[in-house]
Each structure stands twice: as C-alpha cells, then as structure tokens.
4 protein chains.
Amino acid sequence: MKPADQDSSFSIPSTMKAWVLDDPGQLRLTEKPVPQPGPAEVLIRIDAVAFCDGDIRIITRGPPALIQGGLPFNKNFTPGHEYMGRVVKLGAGVDEYEIGERVAVEVHFGCGRCERCRAGMYTSCINYGMDCGTHNKGHRANGFTTDGGFAEYAVNNVNTLVHVPDDIGDEEATLIVTAGTAMYALDTLGGLIAGQTVVVTGPGAIGLMGVAVAKALGADPVILTGTRDTRLNLGKQLGADHLININTENPVEAVKRITKGKGAHYVLECSGNPNGLNDGMDMVMRGGKICLIGFANEPVPVDLGKLVRNHISVFGIRGEGKSATHRAAALVAMKRFRPKIIHTHTFPMDELPTAFKYSRDRIDNAIKVVVKMRDN
Amino acid sequence: MKPADQDSSFSIPSTMKAWVLDDPGQLRLTEKPVPQPGPAEVLIRIDAVAFCDGDIRIITRGPPALIQGGLPFNKNFTPGHEYMGRVVKLGAGVDEYEIGERVAVEVHFGCGRCERCRAGMYTSCINYGMDCGTHNKGHRANGFTTDGGFAEYAVNNVNTLVHVPDDIGDEEATLIVTAGTAMYALDTLGGLIAGQTVVVTGPGAIGLMGVAVAKALGADPVILTGTRDTRLNLGKQLGADHLININTENPVEAVKRITKGKGAHYVLECSGNPNGLNDGMDMVMRGGKICLIGFANEPVPVDLGKLVRNHISVFGIRGEGKSATHRAAALVAMKRFRPKIIHTHTFPMDELPTAFKYSRDRIDNAIKVVVKMRDN
Amino acid sequence: MKPADQDSSFSIPSTMKAWVLDDPGQLRLTEKPVPQPGPAEVLIRIDAVAFCDGDIRIITRGPPALIQGGLPFNKNFTPGHEYMGRVVKLGAGVDEYEIGERVAVEVHFGCGRCERCRAGMYTSCINYGMDCGTHNKGHRANGFTTDGGFAEYAVNNVNTLVHVPDDIGDEEATLIVTAGTAMYALDTLGGLIAGQTVVVTGPGAIGLMGVAVAKALGADPVILTGTRDTRLNLGKQLGADHLININTENPVEAVKRITKGKGAHYVLECSGNPNGLNDGMDMVMRGGKICLIGFANEPVPVDLGKLVRNHISVFGIRGEGKSATHRAAALVAMKRFRPKIIHTHTFPMDELPTAFKYSRDRIDNAIKVVVKMRDN
Amino acid sequence: MKPADQDSSFSIPSTMKAWVLDDPGQLRLTEKPVPQPGPAEVLIRIDAVAFCDGDIRIITRGPPALIQGGLPFNKNFTPGHEYMGRVVKLGAGVDEYEIGERVAVEVHFGCGRCERCRAGMYTSCINYGMDCGTHNKGHRANGFTTDGGFAEYAVNNVNTLVHVPDDIGDEEATLIVTAGTAMYALDTLGGLIAGQTVVVTGPGAIGLMGVAVAKALGADPVILTGTRDTRLNLGKQLGADHLININTENPVEAVKRITKGKGAHYVLECSGNPNGLNDGMDMVMRGGKICLIGFANEPVPVDLGKLVRNHISVFGIRGEGKSATHRAAALVAMKRFRPKIIHTHTFPMDELPTAFKYSRDRIDNAIKVVVKMRDN
C-alpha cells in the first residue's frame, strides 16, 4: 500500500489510449477521455489484461444473443474484461480500497434493482444489456456492455474488485477472474467436493482452472478429458489425477473404469463438443450434477430422458457469481494453485491486435495471452 | 382409527389375488402368497390403485433403462404403484402406524446404504434395480422393482406411507402420490413460489397436479399450456390463471404477453414435446429454472447455448423425493385442492385390464383411471 | 392504474407536513421539503402508516445498538416504516412502477456494495447505519436510518415496493410488510412447511402474521401460545389450530401433547419471554429450528447444551429479507389470509401522537394502529 | 487390499476381549461374544481407538440427556467410538468393502426410518436412543448406544466406514472422525469458506481439527483462541494464522483488530466457556454464523437481542453428519493436514484405564490418547 503522500504519483491524465472495436475483428487504437468514478466506484489504472474466449466472440461476432441494444461495432466500444491494475482514484464515499492498491476484477456489477440482483444473483441480472458505453439501469459488465480493459484506465464498482498481493505477478493476476468462474461452477455444483469425483471435459482456460480449483478444494479424483496432450499435461500440473485423450479412449468408458463403475459425482462440461452433455449424463452417477460452460453453436441432439430417469441436474452458468472470484483469489494468494501455468504469451499494449490473433488462432499453442498495458 | 378390539376384523389370508405381467401388455390374474412385513414394514390391504403413465411404460415396454436385472416380463411380477388401503399387520418394532389406519403410499424406499440415500436423496438411490420380486440391497420401488399394488396386499416400509383422513375417498387418496411428485418438482425449483410465475407445459396427471400444488402454495400467475381444451379446463378448476392452447397460440409468445415481457420464474415441463425444453428456455427469465418431468423418447435438438447465456438450470427428477408426498397429503387433507378432479374412471379388480386400456388409450378422455381392489 | 393524462392530478408541492422526533417520546409536526427521487427511486405520496414495536422503540429509546452515528433525537428525523400510498414521481430510468400505482413498502434497501448485499442478504447490510436523514453508503432503512412514513411523502428505491391491488384497503396494505417479516421468518426456517408443526409463541403483530402465513402455506398443525385470550382468538381467526394460554397450561407440555410426544418442527419465538428460547428448545424435535424475533432486553439464562445435544438451529432475523414481502403480498392479494384482522384503530394524521400512545400502551386492546395521512 | 486367498488370515474367534463399563468411571476387561454382521454390515477387527471427550462423559456421567432407556452403567456396555481397523467379515449382500480393507468409522448409523433419516439428517435421528447393546429401531451409535470400540471387534454398517490408505498410520486414522466432526461444523456454516475469516474458540481436539480443515479449505485468516500456548502452537502447526491467548488479550478485541473492525464471518465455538456464545456474537459481522460444539454444563446468560439485531444464526450440532467424515478422510489421504499432530499418547489394550485417566485429566498435556487394541 502506498503511503498517502505518494498518491500524487498517480497523476491522472484527462485522456487515455484505448483500443476500440470498429468492424468485426477490427481493433483500432484511439484516444478517449479517462472515465470518472462515481459513488461506490474507483478508477483503475490498468497494468495487464488477458484475452478470453468471450472477448474473441465479442470482437468477431458481437455480443451474446441475450444482450439488448444492438451490436458493439463502430460504437467506440472498448472490449476486454480480464484485467488488473492499481486503484488510482476513489469515487465518493469509497473506503473499501486504497489509492495504490493492486486489484483484479470481476466482470459483473449487477443493476442492484432487479429481482435477481436483489437475491444476490447478479450474473443473472435482468437488466444486463448491451449499452456499449452507456448504461441506464446501472448494470456494468465491463468489456461486454460497458467499456472494458483494453485501455489505460477503467472504472469499476467496489463490488467487482479483489485485492492482489505483491507476490502475484501482473500476468497471473489477470487470470484470477478465470479461476473465479471455475470456482463459481463448482459452487453451483454444491461446493462440498472434497473426496468427490469431478470430471472436467475440455482443457481450455476455464477447464484447466476448473481442474486447479477442484483439486485445491480436495476433489478426488479429478479427471480431465481433451484432445491435445500438451493441454492435458498442463492439467496434470494443475492437479488432474487422470488424463483422458478422447482421441485414444472413449471418455465415458474411461470415467467408468476409473470410478470402478460408479460414475462421477460432478461434470464440468467445458468442451463445447456436440455430444458434451450426453457424455456428461453418461459419466455421472444417479443424482449427479453437470455444469455447462461450453456449448456448441448449433442445437445438438440431447437424450433428455436420461436426465429424468437418472435424476440429473444441468446448470448453465454465466460469469463468476456468488463472489466466487474472492474465494478463488484467496486460494491463489495462498499458492494453492498457480494460474500462471496457463499463461503462454505476453505482448505490449500497441501489439494488442497481435495478441488477439494469437489467442483466437491458438498460435504457438497459445492458451492465455496477456497484454501489458504499460511498461513497468 | 379402529379400536384395538376390531383388529381381528383384518383376518389375513395366506394367499391373495394378484395381477402379474406375462408378455408385454399381458396382465394375468393369479394367486400369490400374501407377503410378510419385516422390521420397519407393514402389510397394506389394498383398497384402490390408480394407473399412471409409468405403469403403462412398464407393462408395455419394460422398465426404464437404468434398471439392472432384465425385463419384468414373465417373472410373476405385479405392477402398480399408486395405491392406498389400510394397515393390517405391523412388522417388528413398528409403532409409527396403527392397525386399521388408512394410508396412501410413496413409491421409493431407498436402500438406506448408498451415498445418495445417506444424503436423503432416496429417489436417486444407487441401488435402485430391477429385481421384480427379489431385492438384495434393500431398495424397494413397489410396482417398479418389487411387487406393487395390482394385488390385494402389499408390503411397505413405514417411510413410504402417508396417513389418509376419513373424509378423503379411496379414489382420491390414490392420487396423493401424484400430487407428491408435483410437489417434489416444485421443491426442486426452490419451493418458495408464492407470487412467482409458474408455467406448466402439458396437462397430464402430473402437470395438472403441478398446477394445483403451485396455486395452493401461492404461485401467481400459474399458466398451463396444452392441446386439449377439456384438459386445460380441468387445469382452470385446479387453479390455473391462464390457459394456452398451443394449437391456437404460440406458448412462448403467450407467456411473454402474460408476464409483460419478463418471462416466467419457473417451468414444469410435463409435455414430453420434442421442443419442450427449448420452449421452456424461451419462457423463463434469466436465472430461471426448469423441472423436466416429461421427455421425448428420442434425443431432441436442444440449444444449449441458451442455458449458459441465460443462466438457466434444468432439473431432471425421478419420483417423489424429500418426503414431498407428506406435504402434498397435508394440502389435500386441508382441502386446498381436490385431486379428485382428475379422476375420470373406476373399474373393479377383475376388470383391471380394461382399466389399463382406458388409461393407455385415453378412452373416453380418461385421465386418472382407478381400480377398486375390493368391494366396500 | 391511472391513465397517463391523469398524472397531473398528482401535483407535488415543494414542502410537506411531517412528524419529527424531538426528545425521546416527543413527536412534533413540522414542515419539510418534499424529497426528490434519484435514479432507481420513486416518490411515494403516503396514504396510511401503521405503528410497529420497532417505531415505539426508536421513538422512546433510540435505535438498536448496532446503529452507528448516534441517537435520532432532535435531528429532524421522521420515523415510521409500515406505510403505503401511491407512486407520484419516478426517478431517472424508472419503468418498474407507474405514476398512480398503489404500493406498500419493504423497509430495507441495502447499500448494494457490501458483501452481504452482494450476496442478497440486504437486511444484514454491513453499511446499515443511523444517519437520520443522510446516508453516505447508499443504505436506506426508511423510518430507521432515513426519513420514514410519518409524513406526506417519502422516497423509496424500486426494490422496496410491492404492488397493492385495488381491493385491498389502505389500512390492510400497511400490514403487508408485517406479513413479509413473518414470511421471511418461515423462509429462514426452510420454507417447506406444508404438513409440518409450527409453534408461534407470542400473539403480537408478527406472531399473528406468522400464524396466518404458516397456515396459508399449509403448516399443520399451527400452535399459538400467549397470555391473552382475545389475542389468541385472533390467532384462531388467522388459522391457528391450537391455542395455548400459558397462564393455564404449560406450553412445552401442551406442544408435546398435541404432537403426541414428537415435538414441533419449527418454533417462531415472538414472545420475548425470558424463557422463550429455552421453551422453544424443549418444544422442537431433534434437528428442529427456531426463529428468534422477540427477545428480552436483558441477557437471559440459556441451556446451550440442549442446542448441541438436540442439533437445534437458532436464527436471529432482522427485517424482511429475501423479497419475502413480495411473497406475502401475493398471498394477501389472493385473500389467503386477512391482515385486516389485526388492525384495531385508525387515527387521522394530526392525531399521530395519540396513535403512538394507543400502540405503545395497548390502549383498548390495540394491536395495529394505523394513521391515515390524508383524507380520501 | 489383501488378495482373496489371504482372507483366511482373518480367523475370527467366537469370543473377544472387551472393556465394559461397570459403575461410573469403572472400566473392566471381560470376554464377550464376537458380534455378527447383519445385512449391510461388516465386522471390524479393531486395531486402534482414541479417547474423545464424549467417551469421558459417558464413562463418568452417563449419556447425554436426550438418550432414552436409562444409564449405561453395569449393563455390559462397551464404550469407544473413535476406532479404526480392518474389515474381517462381510454381512449379507455387502460388496462396498473388501475383506482386509483398512477402515475408520463414523459414529452414527441412523435408523433409516424416521423423518430425519429420510431427509439425510441421520445425526438428528429421532430414534437415537440409549440401548446399550440392544436396538429396536435400527439406530446404531457405536460407543454411545450400541457396543463400541474398546474391544477387539465391532459391527458397523457400511454407511459408517471410510477407507484408510496404507500410508496413514493407525493412530492417525482414529482421528479421521474427529476431523469429520470439524468438517461437518464447517459444512453447517455454509462450506464455502475460502478467503473467509473463521474464528475457532477453544483448542481442544475438535477445535484444532476445525483449524486444520478450515485452513485446508482455504479459510483466511483462521484465528484460534485459547488459554494454553502449547495447544495454541499446535493450532499454528495445523494452519492457524493468528493465535490469541485470552489470558493476555481480549479475544473479541483481537478479532476486531485482525479483521480491521469488520468482524469474522464464522465462529466455531469449541471452548464451552460460559461467555463463549456471547463472545462469538461480538466476533461475527452482521449476518454471521456460529457453530456451537462446546457448551457449559449449566445455563448461561445470553444476550439474545444481539442475535436478532445482527441477524446471527447459531447451529448446535451433534456428531459428524452429511458424510463429512468422507470429505475429511479425503483431505487426510491427500495430506492436506496431519491429524497426527494432536496425537500425544499411545497405550496398549490392557492399559486402557490408564489411557482413560490421561485423557480425562490431561496428564502430561495429553490431547489425543490412543489405545492400540493389538500388537502389530
């Protein structure tokens, strides 16, 4: 924490460099006013930001269908939601954070006025909408509906911050929110997973963080399925007890084998494979639960009778609810697992479009590609 | 309750009449030994039994795929699970019920030894199996895996009984377990539904009971969709606020209209329509929940992305867990709704195959067809 | 709903009549500026307000100890939190309510920025504080920490409103929030209470509403204990199955007798009797739950070993969380019970101190004393 | 796992050595028939057993008041419930465990027929009773109501076993159930405790295991209070971040200091201090939760108003429900913490009364005193 007399070291300019989205896939560096934090908000000086599949979707295809208000293209909109940095200015009444404090972010600040927010379900906020820079009901989802982290500064509600200790690097800190999503997925499945069998299908960033969080909380065994041995091996480093390359072994049979015919308690479906849910239903035991994070872009055939006969629950989740990012951050701070393992590339701010390409095309086996927004 | 000195009125014979399943669809009346109640069990003299879709499935096609141990055909197996009658003999140590007490039944007595039963999830019992008369792990699901109610007597664990007051008729009492399944569906959706929008799709027996229980617990509005106005009108009698005949109106649009664009909180999908789940996902608001009771026999295309983007949960349920039948029975006893409304036909015991046909083919608009197992 | 062209009928003055609290127990009528609704807020023209024990405590002794910021006396503070009226002005962005709509209120609008609010626990808001007119973290608890309903107008967040149908009178509508507190108590106990034994100890306003809501949700039996037969008899009108006058019968023994030795599932302790919790522990069966609403002003001896040995949970609750008021309002709108039964007296606005006295001293068997804030 | 052909190595005698309880405090070594496992049961050859405070209470004062059926003295009753050993015989139908498998035990096998067991709340079993050797409703609580582990053999339901890996020693394995109780306490408080403040008051065996489990699940900080620095230091070894010796610092003030005024999320009250609950209420933040494990033998003054005003929940718990022992065992198997740290003394079977004395009188700073039931 900086002493108060060093606050002046954060001299805040009136304008900042920011990437904005023109036509689909077109990112352009421009100058924007530095935003002002309102009540319960702070200004973050962004140090690093990671690319997530969600960013790629927004940049190339626009927002998810649920978003109202049209497409984000050519609206001066700044994407990017997995960022970290330092608090440099406090909005009115803020004493939860201090000037100079290092923080990572959660994406969702609910409107606080709809029935879902009122119930604590802020990632299901009814007023989630695509405003691309304006917001009339108070909901912020930086990088989705309000300006995000591909810029030098961003405004965040105090609710959406987590403290980052000094011994966690900038790149790693950008991944805390990814771990937070994995944590939320496990929460949704019940949370009490020590000694329970968790299958993670698909070794993408969230899947790999799912492995790490599940193992940190005591899940046993943790089984990871995928097609690429390099990624599966990262899963091993993060705590997977069994790796199944589905090109060489039927994953359902493998799960049955490993669990001695019992099946798994929980499945985190992160593959988006057209048969992902059906396989999941065959992997879990009666009364099992499946969290759906990945999904195919088209409708896929699902044998719903299995859900009923085997008393299976399926949870579609969006984002990182229930303050799960705080719990994930605590595990990272205690070094229970190292998100760093999935960080593969770093680029400087002015090469952000290259970073985008690496992430989108998985160039050089890219998983998590981070952009450093300033030299430090 | 009968006074003790009338207990002798229940002279129990050594054999009984019982219907058994020969080839698919073939029911045959035969003679069987009257079963003996073990510890924690009682013997029920069956007074009435109703047909349920589950019975029809078992009788015509065999048990659900999850059941181990082969098909029930030509095994001297007695189907039937929606029955009621009187306690006529107590197993060792039973003091929970009295001789002469009128009772209805739940289907599932879990094995009590698997991890699901240990957690109170007895309808997800891992040892659920198709023994058709023998059971080696202790699980009973009368009419599914152990002998059921198409007979003069049956043995039930005390856990699977609910008291029936004198002013509820035999036919109505057979429907308490149907209401129990509907209650369990609503429990699964959260249970706190007063003032919440509940859509029930499909006015079958469980759907109609779903309407009744939802309204009794204060759901508002309750919306019922279906294709036949006669059944929809029964839904109205049971408390539906809005009826949607999907032959004349798009049900998703109707729900949006009724809820002023907000969507529903909960959907009980009881139609088994191939598009049932997709429609349900379009009906619920963000963060909504869908209970899946009906399902198509084949895999159907499902847009899983909607589950994820809109943070929707889908609960396949089996049977009537969480002692929901007790809660349903309490509402029936208080006359909060009348299951009787869905009872359409009664036959005597020796015409049970006719009752089966009426139920299967919905002859004469049959909904709940009851067989009286004795003259009284 | 008034048509839009009648909106002008709500001409809003710049000042209003308001009662303020001088010294303890001293209410004075004065003139105040009409407050302005901010974003997500509306202005309510108050039609009626009821006295609650909480008001009496605030007026005579000051706020509960948890409140920061000193006592409310001589600060121009307007008490009163059980009010209803009409929406007469919408803050920026409000479309959840319409001009002219009749509404009742919840007390608590959480700050929306602390971890409890983030989790939906807004009645446990960490930033709850005694500002008596100013609020720096955004929390409002009208009548407790921000200006309340003993005035002609008040500002409410849209989160704290419930619609009142035309056929519910003004006086009755003020009691919806009382029923909401009772609903929240039952939610806290698990919510699924059909067919379960609920004991309510103490027939005050919340206790009586507890009886009504419990019965409406199917609790059976509902047992009410108290000392005054007049109040117990109101409980009977609201659905109590058994009345126990503790002056003539030991309430623990009575509960055992009624439940045939089993004990109750749930106790709502509303008496504040020094032995209330101990008695509750003796009333519930193993694994039972007790909601604590009433309490003695001094520490009382409690046999904590009983809690442990009998696996009993005790829930202190504050206010009406989990949007329980909406669920209560739905039951009232459906006429499942009539809060009106506990309304005993009405006074005009300028006799508010008399109303206070009737309520505080229970003059003329007063239970709920309502003040009509305008002639209509 | 032993190969099948070695099963014969477990030749089972017809009688066994067993300690029984004569007068209070009087343990006598005798000969008893080796019990036979029934369906769903196994016979355990006991290798080691630990003393717990519960044993001491039973041996010196008799069972907790809730137990029906009189005192255990002079009834040939064998106490002891924290034992481990090997499965040496399988009851009918058992395939969940194998002959030769090392296992530790849970205490509670619910009756399986009461409404609590039906709901998975088997440690709140209504039919829990003091049979001291006979049991008519099926409930077993070995060492409390049925013969326990101060003998060469015991019968256990398969539900009450957990597998012990080879690299966990006998002494350590006896402590798994202690860790299971601590796990259950944390489950009861919500279970999702990563990054949350947990205060454990009282560094007894359960308190110390509470520290260990809380830290293993990511609680941060974990604060331990007590009076003896030796025990506090064991807490440090098990993961406590802050130690508070209440002889030198006010524990409430210390918690406030450590949490920067916020207070703790959760308190595990294990001290039994007369002011334990009051202190706990002052330690937790609004909306906090307290699990009560320790308690004074007499009623103590409690300021119940604080529970209400601060929306605090208090959970009395009994035993190790929700299969928590399995989760605890998984963490021990993964070496997330070492229960061994609290094991201080070992005695051979024939010195069991000495072990009892060491445990009761805390001779030589005894915490966990283990008796090896055979030479190996």
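In the text below, chain A, chain B and the rest are named by the order of the sequence lines, each starting its count at 1.
- Using a 4.5 Å cut-off on side-chain heavy atoms (C-beta onward), C:I317 and D:V308 make no contact.
- For a residue to count as touching a neighbouring chain, one of its non-hydrogen atoms must lie under 4.5 Å from one of that chain's; by this rule D:E269 does not touch chain C.
- Ring pair C:Y184/D:H311 is tilted by interplanar angle, where 30° to 60° counts as tilted.
- With rounding to the nearest 0.5 Å, the separation of NE2 in D:H265 from CD in C:E115 is 3.5 Å.
- Only the side chain of D:K262 has a heavy atom closer than 4.5 Å to any heavy atom of chain C.
- Taken from CG in D:N297 to CG in C:D303, the straight-line distance is 9.5 Å, to the nearest 0.5 Å.
- Here the CG-OG distance, from C:L292 to D:S313, works out to 10.5 Å after rounding to the nearest 0.5 Å.
- Using a 4.5 Å cut-off between heavy atoms, D:C114 makes no contact with chain C at all.
- In plain terms, the two heavy atoms of D:P301 and C:P299 that are nearest each other are CB-CB, 4.1 Å.
- Counting all heavy atoms, side chain and backbone alike, C:L304 lies closest to D:L277 at CD2-CD2, 3.7 Å.
- Among all heavy-atom pairs drawn from C:R309 and D:R318, the shortest one is O-CD, 3.2 Å.
- The greatest number of non-hydrogen atom pairs below 4.5 Å with chain C, out of D:G316, D:C125, D:C291, is found for D:G316.
- Here the side chains of D:R286 and C:M121 are not in contact, with every heavy-atom distance at 4.5 Å or above.
- D:I290 does not touch chain C: none of its heavy atoms, backbone or side chain, sits under 4.5 Å away.
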